[in-house]
Number of protein chains: 2
Amino acid sequence: MKNCIRALRTARGLSQEALGEQLNVSRQTINAIEAGRYDPSLPLAFKLARFFALHIEDVFDDGEGAAS
Amino acid sequence: MKNCIRALRTARGLSQEALGEQLNVSRQTINAIEAGRYDPSLPLAFKLARFFALHIEDVFDDGEGAAS
DNA sequence: GATGAATGTAAAGTGTTCTTGACATTATCC
DNA sequence: GGATAATGTCAAGAACACTTTACATTCATC
């Protein structure tokens with residue numbers, strides 16, 4: 001599952017650690033999700049999308065078309 | 001995390017088993033998600049929302065406000 | 001009352017998500 | 001060169017998502 005979290009985060013001048021603190025997850029979790037090592041849980045996907053004021057489908061893309 | 005999968009499914013006259021087959025998951029998985037026993041993975045949440053032609057935020061509600 | 005379809009739930013097993021702690025690299029600043 | 005900040009990654013373990021198998025209940029129909 002692709003995502004654009006790194007772009008959204010850096011556009012706001014946040015470090016991985018700072019974003020993790022905002023969402024109550026570790027910086028390693030942010031790093032792993034940005035690197036695509038695994039997908040976040042649904043609750044964390046909600047937190048991420050809400051933090052960036054976007055729909056989940058606008059932040060993540062499972063590559064099955066009709067994303068939004 | 002709340003969801004309205006049962007309402008969406010029954011409105012289409014589908015059994016839990018039939019929905020599971022459509023999405024390639026077991027009927028127990030559909031049952032557990034409808035019952036709120038656990039949240040689906042993000043990929044399964046995408047499949048469910050896409051099947052019902054809705055945004056993930058319209059199918060699931062993590063109760064933190066500003067759902068859509 | 002027997003049959004079949006739909007549902008609820010439990011147990012055991014597998015793979016995934018997330019944690020903490022640790023170590024390495026790179027870049028900047030003094 | 002030494003200190004600090006940001007990032008990449010690994011390992012071990014806890015917690016969660018999902019599977020198969022199995023058994024029970026409910027309801028409709030015969």
Side-chain angles (χ1 to χ4, degrees):
Chain A
M1 176 105 64
K2 292 179 184 175
N3 70 74
C4 54
I5 292 170
R6 177 157 304 177
L8 293 165
R9 173 179 61 80
T10 58
R12 282 160 181 74
L14 288 170
S15 68
Q16 293 177 343
E17 174 128 43
L19 178 56
E21 283 171 6
Q22 292 285 325
L23 306 179
N24 291 307
V25 294
S26 68
R27 75 173 182 87
Q28 288 88 338
T29 293
I30 300 297
N31 183 288
I33 293 168
E34 286 187 355
R37 276 203 296 280
Y38 51 73
D39 298 322
S41 65
L42 187 55
L44 180 50
F46 263 84
K47 285 185 185 178
L48 282 159
R50 182 173 300 117
F51 182 83
F52 293 118
L54 292 169
H55 285 295
I56 289 178
E57 289 91 343
D58 294 328
V59 178
F60 298 93
D61 176 15
D62 73 341
E64 304 276 342
S68 180
Chain B
M1 176 105 64
K2 291 180 184 176
N3 71 75
C4 55
I5 291 169
R6 177 157 304 176
L8 293 165
R9 174 179 60 81
T10 57
R12 282 162 180 73
L14 288 169
S15 68
Q16 293 177 343
E17 173 129 43
L19 178 57
E21 284 172 5
Q22 291 284 326
L23 306 179
N24 291 308
V25 294
S26 68
R27 76 171 182 87
Q28 287 88 340
T29 293
I30 300 296
N31 184 287
I33 293 168
E34 286 187 356
R37 275 203 297 281
Y38 51 73
D39 297 322
S41 65
L42 186 56
L44 180 50
F46 263 84
K47 284 185 186 178
L48 282 159
R50 182 173 299 118
F51 182 82
F52 293 119
L54 291 169
H55 283 296
I56 289 178
E57 289 92 343
D58 294 328
V59 178
F60 299 92
D61 176 15
D62 72 342
E64 304 276 343
S68 178

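Residue numbering restarts at 1 for every chain, and letters A, B, ... go by the order of the sequence lines. Keep in mind that this is a model prediction, so the values were computed, not measured.
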Base contacts versus sugar-phosphate-only contacts with protein, heavy atoms under 4.0 Å: please encode nucleotides 15-20 of chain C as B, S and - from 5' to 3'. --SBBB
Summarise how protein sits on nucleotides 25-30 of chain C as a single string, 5' to 3': B when a protein heavy atom is under 4.0 Å from the base, S for sugar-phosphate-only contact, - for no contact. ------
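Annotation for F60(B) and F46(A): closest pair O-CZ, 3.5 Å, computed over non-hydrogen atoms. Of all the heavy atoms in E57(B) and L54(A), the pair that sits closest is OE2-O, 4.0 Å.
For the side chain to side chain donor-acceptor pair (under 3.5 Å) condition, the pairs that include at least one residue of residues 18-28 of chain B, sequence neighbours left out, are S26(B)-T29(B).
Atom CG of L48(A) sits about 9.0 Å away from atom OG of S41(A), to the nearest 0.5 Å. Between K47(B) atom NZ and L19(B) atom CG the span is 11.0 Å, to the nearest 0.5 Å. Between D61(A) atom CG and C4(A) atom SG the span is 9.0 Å, to the nearest 0.5 Å.
On the nucleic acid side, DNA chain D contacts chain B at distances under 4.0 Å to non-hydrogen atoms, with the end points of that region at dA17(D) to dA22(D).
Side-chain atoms of L42(B) and I56(A), non-hydrogen and from C-beta on, do get closer than 4.5 Å to each other. No side-chain heavy atom of I30(A) sits less than 4.5 Å from a side-chain heavy atom of E17(A). At a threshold of 4.5 Å between non-hydrogen side-chain atoms, the residues P40(A) and I33(A) count as touching.
Of the residues in residues 6-19 of chain B, R6(B), R9(B), S15(B), Q16(B) come within less than 4.0 Å of DNA chain C through at least one heavy atom, sorted by number.
Taking only side-chain nitrogens and oxygens, N31(B) never comes nearer than 4.0 Å to OP1 or OP2 of dT7(C).
Stem analysis of DNA chain D (Watson-Crick or G-U pairs, both distances under 3.5 Å, runs of at least three) returns C:1-30 with D:1-30.
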Solution key, residues 5-12 of chain A side-chain donor-acceptor pairs under 3.5 Å, sequence neighbours excluded:
unit_1	atom_1	unit_2	atom_2	d
R6(A)	NE	E34(A)	OE1	2.7
R6(A)	NH2	E34(A)	OE1	2.9
R9(A)	NE	E34(A)	OE2	2.5
R9(A)	NH1	L14(A)	O	2.8
R9(A)	NH2	E34(A)	OE1	3.1
R9(A)	NH2	E34(A)	OE2	3.3
T10(A)	OG1	R6(A)	O	2.9
T10(A)	OG1	A7(A)	O	3.3
R12(A)	NH1	L8(A)	O	3.1

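With sequence neighbours excluded, no residue forms a side-chain hydrogen bond (donor to acceptor under 3.5 Å, both in side chains) with D39(A). Residues satisfying the side-chain hydrogen bond (donor to acceptor under 3.5 Å, both in side chains) criterion with N3(B), sequence neighbours excluded, are absent altogether.
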